[in-house]
Amino acid sequence: MKIAIASDHGGINIREEIKSLLEELGLQYEDFGCECDTSVDYPDYALPVAEKVASGEFDRGILVCGTGIGMSIAANKVSGIRCALVHDVFSAKATRQHNDSNMLAMGERVIGPGLAREIAKVWLTTDYEGGRHENRLNKIKDYEGK
Ligand code: RB5
């Protein structure tokens, strides 16, 4: 599994924590920034990463900003992206099992690096359940195809 990761200036510490998790799990990843010590605009990071996941160049994407909200809003504008904004372990598991989310967004002003690491670990290691959820995802895919 190949992971694309990015943050704005508000998510740098969690981004570094997640990179260390990805190394521990032996997962291949690429860091798309930001290389910033001043304020940047989250869509400049969310949209290119989401496009790389939607195109299949990367299997999953992880985005971090201050709240995770801006990153998730932007990523979900890209067709084929199911970006889940998650700040608890229960939702991290459920969004993989039920939504087959292919991107994860978190907010560094909301949770600390320890919880972010647990959330990402569960999200990366939980499989999609399919079954009754497939019909629901197909309704979203059909809408995107319109
Ligand atoms: C940046 O100040 C902040 O707005 C951004 O990191 C994020 O929280 C947006 O949703």
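Start at 1 and go down the list; that is how both ligands and their atoms are numbered.
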**Prompt:** What protein heavy atom is closest to atom 6 (O) of ligand 1, reported as residue, atom name and distance in Å?
**Reply:** Asp8 OD2, 2.6 Å
**Prompt:** Under 4.0 angstrom from atom 4 (O) of ligand 1, is there any protein heavy atom?
**Reply:** no
**Asked** So, are Glu24 and Arg117 salt-bridged, with charged N and O less than 4.0 Å apart?
**Response** yes
**Asked** Between Ser101 and Trp123, does any side-chain donor sit less than 3.5 Å from a side-chain acceptor?
**Response** yes
**Asked** What atoms of ligand 1 come within less than 4.0 Å of a heavy atom belonging to Thr67?
**Response** 7 (C), 8 (O), 9 (C), 10 (O)
**Message:** A cation-pi test, strictly: NZ or CZ of Lys2 under 6.0 Å from the centre of the six-membered ring of Phe58 and no more than 45 degrees from its axis. Yes or no?
**Reply:** yes
**Item:** Flag for Arg15-Ser7: side-chain donor and acceptor within less than 3.5 Å
**Value:** yes
**Prompt:** Side chains of Gln97 and Asp127: do they bring a donor and an acceptor to under 3.5 Å?
**Reply:** no
**Message:** As an exercise, identify every atom of ligand 1 less than 4.0 angstrom from a heavy atom of Gly66.
**Reply:** 5 (C), 6 (O), 7 (C), 8 (O)
**Asked** What do you reckon, does Arg109 put a non-hydrogen atom under 4.0 Å from ligand 1?
**Response** yes
**Request:** Around atom 10 (O) of ligand 1, find the nearest protein heavy atom and jot down its residue, atom name and distance.
**Result:** Gly70 N, 2.8 Å
**Request:** Using a strict 4.0 Å threshold on nitrogen-to-oxygen distance, state whether Lys19 and Glu16 make a salt bridge.
**Result:** yes
**Message:** Within ligand 1, which atoms have a heavy atom of His9 less than 4.0 Å away?
**Reply:** 1 (C), 2 (O)
**Item:** Identity and distance of the protein heavy atom lying nearest atom 7 (C) of ligand 1
**Value:** Cys65 SG, 3.3 Å
